[in-house]
Amino acid sequence: MRWALIGASTIAAQYMIRALWAEGGEIVRVVSASAERGASFAAMHGIPLSGITVEEAVADPDVDAVYISTTNEKHLPQALAAIAAGKHVLCEKPLAMSLADAVSMVRAAEEKSVVFATNHHLRCSGSHRAVQSLIRDGRIGRVLSLRVHHAVHLPENLQGWRINSPAAGGGVIPDITVHDADVVRFLTGEDPKTVVAQMAASGLGQGVEDSVMSVWTMPSGVMVMSHESFTHPFAGTGLEVHGTEGSIFARGVMTQNPVGEIELVTAAGREPVAYDPHDLYGEAVRRFHAAVAGHGGPAATGWDGVKSLAVALAVREAALTGAAVDVDYGGAK
Ligand code: NDP
């Protein structure tokens with residue numbers, strides 16, 4: 001698979017370039033809005049070509065797929081351009097700034113019969129899969145509730161558009177709540193129905209929220225409590241799933257790396273749970289390559305990205321209005 005990177009981004013530099021190479025991909029070009037930054041990014045990462053327009057990159061017959069990791073407001077036009085050129089798309093979350101835009105991207109990909117995936121890495125982790133298996137195998141009985149702890153401290157090098165630019169899609173809700181919505185959907189197999197929420201700017205946010213707490217009701221009646229923040233240096237991350245016959249405590253697993261511990265607690269006692277510590281992003285790329293080759297779907301589809309965005313938008317609306325909000329999935333499959 002020959003890739004074009006759309007965006008000379010931190011996530012590409014820190015995780016995705018390595019994952020693409022490791023999974024047998026070839027990176028043939030990078031697109032940056034700045035010719036100078038694109039050229040230096042290309043040189044730094046051994047990418048042969050750089051350019052400043054998406055149109056040029058997607059017109060390249062040597063490009064099979066694009067990985068979009070620009071700021072959020074750019075995902076829509078860039079994805080549509082790539083799809084129109086017949087390229088497969090792996091797009092960063094949140095897919096777009098609005099539900100309608102996200103739906104239009106996914107529908108365009110369907111019409112053009114190209115693979116479109118959302119880069120929700122957490123569902124690719126061995127730890128989250130182990131938690132899903134425990135639930136599916138009935139090890140905790142009937143699921144009653146989930147608590148998601150995803151309050152972190154935003155690294156200084158990322159304290160730019162995320163904390164001060166509503167226009168670029170800043171704020172912790174589009175940044176992290178989307179991931180947690182995807183994790184909850186992945187673990188429960190259900191789509192959140194109604195949400196209530198409160199949000200705050202607690203030290204970093206300038207014109208956008210940097211902290212949010214929300215409670216979601218699932219169609220089955222399962223309750224979810226979710227906490228995302230950019231301002232918590234020592235809170236640690238975690239995921240708890242509580243059922244009638246047991247509880248799962250997964251600590252330190254809301255992360256980009258295959259780390260953290262899982263413990264199952266039942267009437268029989270406490271039991272550590274082992275999991276496969278593979279690279280999260282490599283797994284996403286492996287599944288994407290397989291999907292393009294006609295073997296199964298990507299780890300997180302476009303519709304998964306639409307749904308995680310739908311939950312995040314409902315959380316923000318609930319926090320803004322103080323009302324309970326039914327999640328509008330915009331007709332997502
Ligand atoms: P960055 O801020 O690093 O990059 C976003 C854009 O900012 C780049 O496309 C680049 O524009 C520009 N940029 C980067 N560095 C500089 C610089 N030094 N000076 C000026 N401009 C610069 O964002 P992230 O990599 O953190 O996030 C990009 C996307 O990926 C977002 O949609 C985010 O939500 C998502 N993301 C997903 C993660 C996941 O685990 N799935 C994790 C982290 C981010 P240009 O391309 O024009 O050069």
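In each ligand, atom 1 is the first atom listed, and ligand 1 is the first ligand listed. Just the heavy atoms: all of them, side chains too, but no hydrogens, waters or symmetry mates, feed the values below. Residue numbers start at 1 and run along the sequence shown. Bear in mind the structure is a predicted one, so any value in this text is a computation, not a measurement.
With hydrogens and angles ignored, the 3.5 Å screen pairs a side-chain donor or acceptor of His75 with a backbone N or O of Thr70.
Of all non-hydrogen atoms in Glu245 and Gly141, the two that sit nearest each other are CG-CA, 3.4 Å.
Sorted by chain and number, the heavy-atom contacts of ligand 1 below 4.0 Å come from Gly7, Ala8, Ser9, Thr10, Ile11, Val31, Ser32, Ala33, Arg37, Ser69, Thr70, Thr71, Asn72, His75, Glu92, Lys93, Pro94, Asn119, His121, Leu158, Trp161, Arg162, Asp175, His179, Gln256, Tyr281.
Side-chain contact, Glu110 with Trp303: a donor N or O sits under 3.5 Å from an acceptor N or O.
Once rounded to the nearest 0.5 Å, the distance linking CG of Asp328 with CD of Glu317 reads 9.0 Å.
Ring geometry for Trp3 versus His289: interplanar angle of 30 to 60°, hence tilted. Aromatic ring orientation, His121 versus Tyr281: parallel (interplanar angle below 30°, classes split at 30° and 60°).
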